[in-house]
Amino acid sequence: MPVQLLKVIKGKSEIPLPSHLQKEDLKQLQEGLDHTNKYFQGIVVLSYPLTKLGDGTDFFKVVLQDLDKWCSRSNSINVLIYGKMAEDCAKVICHGDTFVVAGFKLAKSPTAREDGRHGCHLEVSEEAGSAIYIYTAPRTTAASETASVSVAPKYVYTPLNHLKDGTIVNLYGVVKFFKPPYVSKGTDYCSVVTLVDPSNVKLTCTLFNGNLDALPKIYKVGDIVRFHRIKIREYNGQMQGITSAGFASLTFDGTVGAPVVPRTSSKVYTFMDEEQKTIEDLRVWAATNLSISGPAAKLSGVQPMLYFDLTCQLVGKAKVDGSSFLLKVWDGTKCPYPTWKVPVEARDLEGEKVLLHQLRNLTVDILVYDNHVQLAKSLKIGSFLRIYSIHTKQASAENEDFSHIEFHLHGGTCYGRGIGVLPESNPDVKELKTFLESVDLADSQGMESMSSVELDGTFNNVTVLTDHQDLSNTELKTILNSTAPQQYRIRAKLRTYKPQKLYQSIKLHCSKCNSLREVPDGGDFDLILQGAAVTAPNPDLHNTSWYNSVMWTTQDQKQRKIAIHFVKHDEMLQQPEDTLLMVEGGTLKEIWKLTKRFKCVIPVRSTEDHLELLDLSAPFLLQGNIKYYGCKQCSTPKPIKGLSSIAAEQRPSWEPSEIAQVLGIEQLQYVFVMRFTLVDGTGALNAYIFDYEKFFQIPASEILTNNFLQEKMQMTMNTLCPPGRKLDDLPWLECFIKSYNVRDAMKHQVYYQIFDTTVAEDVV
DNA sequence: TTAGGATTGG
């Protein structure tokens with residue numbers, strides 16, 4: 001028998017073991033077989049806190065996983081360590097270590113049914129003549145070979161490209177697709193979740209649980225999950241995840257910069273700094289690598305014959321028949337189409353009668369079928385819901401001028417069809433609640449009558465001309481047959497426009513070189529910040545005559561250095577809300593936090609002798625929610641010291657344009673760029689809207705970060721071009737357009753642009 | 001056990 005030994009071997013790739021020992025794999029670990037002179041080797045995937053048994057003996061439990069082989073049930077086994085060996089092991093062991101044990105006793109595992117691990121466990125102690133060899137994996141600073149290891153179990157997370165059939169693993173992933181929990185045909189709720197991670201491998205997991213709360217609380221694609229003890233199996237040639245005994249999950253909002261707060265029903269879970277970092281990294285990865293979906297659909301933006309997810313509040317519900325159930329919901333916006341009202345007996349309709357009446361023009365009827373009925377029945381009036389993959393069906397009734405629209409949640413769970421209840425703490429719910437409270441009910445009732453006036457054709461001043469009142473109208477046919485450039489006044493209808501997704505109309509424009517650029521997303525900015533953070537702030541540049549500096553080092557493994565330079569006014573620091581600061585080495589989240597508190601934030605980096613702006617793909621200035629960008633082509637950055645001239649002004653206003661000027665930046669302006677297809681019965685032409693603020697009376701710079709303004713713009717477009725209307729029923733628009741020539745070597749084209757026109761005040 | 005993603009009927 002080997003000697004009683006606990007040997008720690010660091011930094012060696014091979015474990016020198018006594019030559020008489022032979023390796024055994026999990027399959028060979030069976031009761032009744034001789035294990036003398038045999039050893040078992042596995043990776044530590046979990047360790048429990050060191051405890052004392054009733055008789056005072058130290059006790060330590062670790063879980064080993066055999067990464068090479070597996071038996072039919074599982075690939076992990078419990079190892080119970082007693083006495084001095086327990087104490088010694090607890091001190092040194094870390095997850096990821098390779099653990100070799102010889103001279104063990106094999107016994108039936110009483111917990112195998114619960115934990116899904118090997119049917120036997122290994123008992124190890126000095127008294128039994130056991131030997132343990134540990135090959136230590138690289139330590140992180142936080143977990144450096146100390147007893148802290150045993151305070152909480154350590155988990156190993158497997159990337160999705162390293163999953164093996166028959167294993168039980170822990171993993172992280174970004175939700176790429178999900179079906180909200182639904183009642184399965186068996187005894188449990190079921191939820192199907194497809195994950196993806198930076199290895200770009202997908203994993204579809206089928207999760208069952210009799211308790212709805214035990215399934216992950218996923219609300220949208222892009223949420224991030226952490227699964228513990230998920231079983232991996234091969235199915236149809238692909239890896240598949242399925243709940244195993246002891247499955248547990250945490251779910252996080254996938255938005256970069258959002259608080260990292262897990263959604264879980266577990267009362268006890270481990271979550272540490274490293275894990276917070278993992279979530280933040282996954283968010284940035286997802287933002288940069290996965291296609292981001294636009295803002296969620298509102299009732300005001302629904303399109304017929306499509307599917308959409310709706311975040312809404314339940315106002316009423318009613319049984320219809322055995323296989324369908326009615327939900328009456330609202331989201332504060334008005335559906336631009338006439339909507340279908342499902343006839344139900346008044347006594348079957350649940351909900352506050354007064355409210356149902358008040359909101360009658362804003363609620364829509366959603367008919368849910370089959371498997372969704374049971375869940376729908378259990379919903380509480382007033383609760384906030386997200387209904388996934390609602391079908392908007394256009395149905396034309398006879399003797400009606402235009403068709404109405406129906407909302408169905410068909411049976412089945414294809415494409416994630418289903419209903420999820422959102423908690424009041426959900427950020428989308430908070431935003432919706434605020435919006436619902438702001439809705440003026442009198443207004444929405446007025447809208448109904450306005451529509452009918454419009455239909456009569458007596459109400460047509462949806463646009464206002466701001467100049468050139470003397471110009472008379474020209475037919476589109478005449479304009480199309482004329483040479484450019486010229487200016488016209490026209491009367492036309494807006495047949496369609498592009499982009500239909502209004503947030504896509506926002507671009508950045510350089511007035512000097514006339515170029516247009518897409519608005520970068522947060523991921524690009526984050527990458528630039530990460531690149532800049534590699535160079536530490538240069539202390540020689542700190543505390544000058546015009547700014548005060550502070551610097552500190554982060555506590556995480558990266559030991560990142562952050563410096564903030566507060567620009568002074570009259571030798572004094574100003575109130576935060578008046579202060580401009582420059583920041584070095586900050587992350588996206590940190591910068592975002594600084595913008596909440598300080599007037600202006602300029603990300604910079606150190607060189608040997610001065611501070612300078614980052615690459616101009618990043619904003620050169622952040623003020624509140626707005627990021628200001630400079631033109632890469634036309635800017636010639638000047639020394640950052642130029643800011644001191646503004647700081648010296650009597651009352652520095654820190655106007656972005658002024659900051660841009662002293663820094664040599666040609667500032668890009670946010671603009672709406674849209675294409676309107678106009679018709680007047682004589683012809684059709686495409687005219688561009690190129691608008692900073694005037695046409696919509698909404699600043700283009702603010703729309704991307706302001707849902708209310710997006711809502712307002714959608715309403716405006718619905719008035720100019722009401723969806724689902726016949727051409728005859730569209731309102732007339734009066735506008736000015738100018739024609740201009742665009743020539744290149746190959747061709748010559750005439751373009752049209754709308755100018756000196758604005759949307760009427762009672763429309764917006 | 002259940003489902004194993006992949007819409008359209010009422």
Side-chain angles (χ1 to χ4, degrees), chain A residues 113 116 160 163 165-166 173-196 201-212 214-216 218 220-223 225 227 230-245 247 290-291 293 297 302-310 318-327 339-344 365-376 386-397 403-420:
Chain A
R113 280 186 76 169
L160 299 184
L163 297 174
D165 185 16
V174 182
V175 175
K176 192 181 149 49
F177 166 82
F178 72 105
K179 293 185 175 182
Y182 59 95
V183 184
S184 78
K185 289 184 182 133
T187 57
D188 290 336
Y189 286 97
C190 175
S191 180
V192 174
V193 182
T194 301
L195 304 179
V196 63
V201 167
K202 278 196 304 181
L203 177 74
T204 299
C205 303
T206 311
L207 311 175
F208 295 107
N209 205 298
N211 174 9
L212 186 63
L215 290 170
I218 298 168
K220 54 166 85 159
V221 166
D223 279 351
V225 294
F227 288 168
I230 178 131
K231 192 192 288 179
I232 304 301
R233 291 197 313 206
E234 197 180 311
Y235 177 77
N236 280 345
Q238 282 198 316
M239 290 303 164
Q240 173 198 57
I242 188 152
T243 30
S244 76
F247 170 82
L290 300 184
S291 60
S293 54
V302 297
Q303 311 231 333
M305 310 307 285
L306 282 179
Y307 294 85
F308 72 108
D309 299 343
L310 180 67
K319 74 162 199 203
V320 178
D321 58 44
S323 69
S324 64
F325 195 82
L326 170 66
L327 299 178
T339 66
W340 182 45
K341 296 291 170 193
V342 179
V344 288
D365 285 8
I366 298 176
L367 205 52
V368 313
Y369 295 93
D370 306 336
N371 55 319
H372 308 298
V373 170
Q374 189 183 338
L375 204 121
R386 185 163 287 148
I387 309 180
Y388 301 93
S389 209
I390 297 175
H391 181 203
T392 52
K393 184 183 169 195
Q394 194 151 29
S396 38
S403 54
H404 70 261
I405 202 164
E406 301 179 357
F407 297 97
H408 299 265
L409 187 70
H410 295 296
T413 60
C414 289
Y415 274 83
R417 244 187 237 148
I419 305 170

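Residue numbering restarts at 1 for every chain, and letters A, B, ... go by the order of the sequence lines. Just so it is clear, the model here is predicted, and its values are computed rather than measured.
Using cut-offs of 30° and 60° for the angle between ring planes, the His408(A) and His391(A) rings count as tilted. Ring pair Phe308(A)/Phe407(A) is perpendicular by interplanar angle, where above 60° counts as perpendicular and below 30° as parallel.
Judged as a salt bridge (charged side-chain N to carboxylate O under 4.0 Å, His left out), and not counting sequence neighbours, the contacts of Asp223(A) are Arg263(A).
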The contact string for nucleotides 3-10 of chain B, one letter per nucleotide 5' to 3', using protein heavy atoms under 4.0 Å with B, S and - for base, sugar-phosphate only and none, comes out as BBBBBBBB

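When the P atom is compared between dG4(B) and dT8(B), the two are found 14 Å apart, to the nearest whole Å.
Between the side chain of Thr392(A) and the backbone N or O of Leu306(A) there is at least one donor-acceptor pair closer than 3.5 Å.
Counting all heavy atoms, side chain and backbone alike, Tyr388(A) lies closest to Leu409(A) at O-CD1, 3.2 Å.
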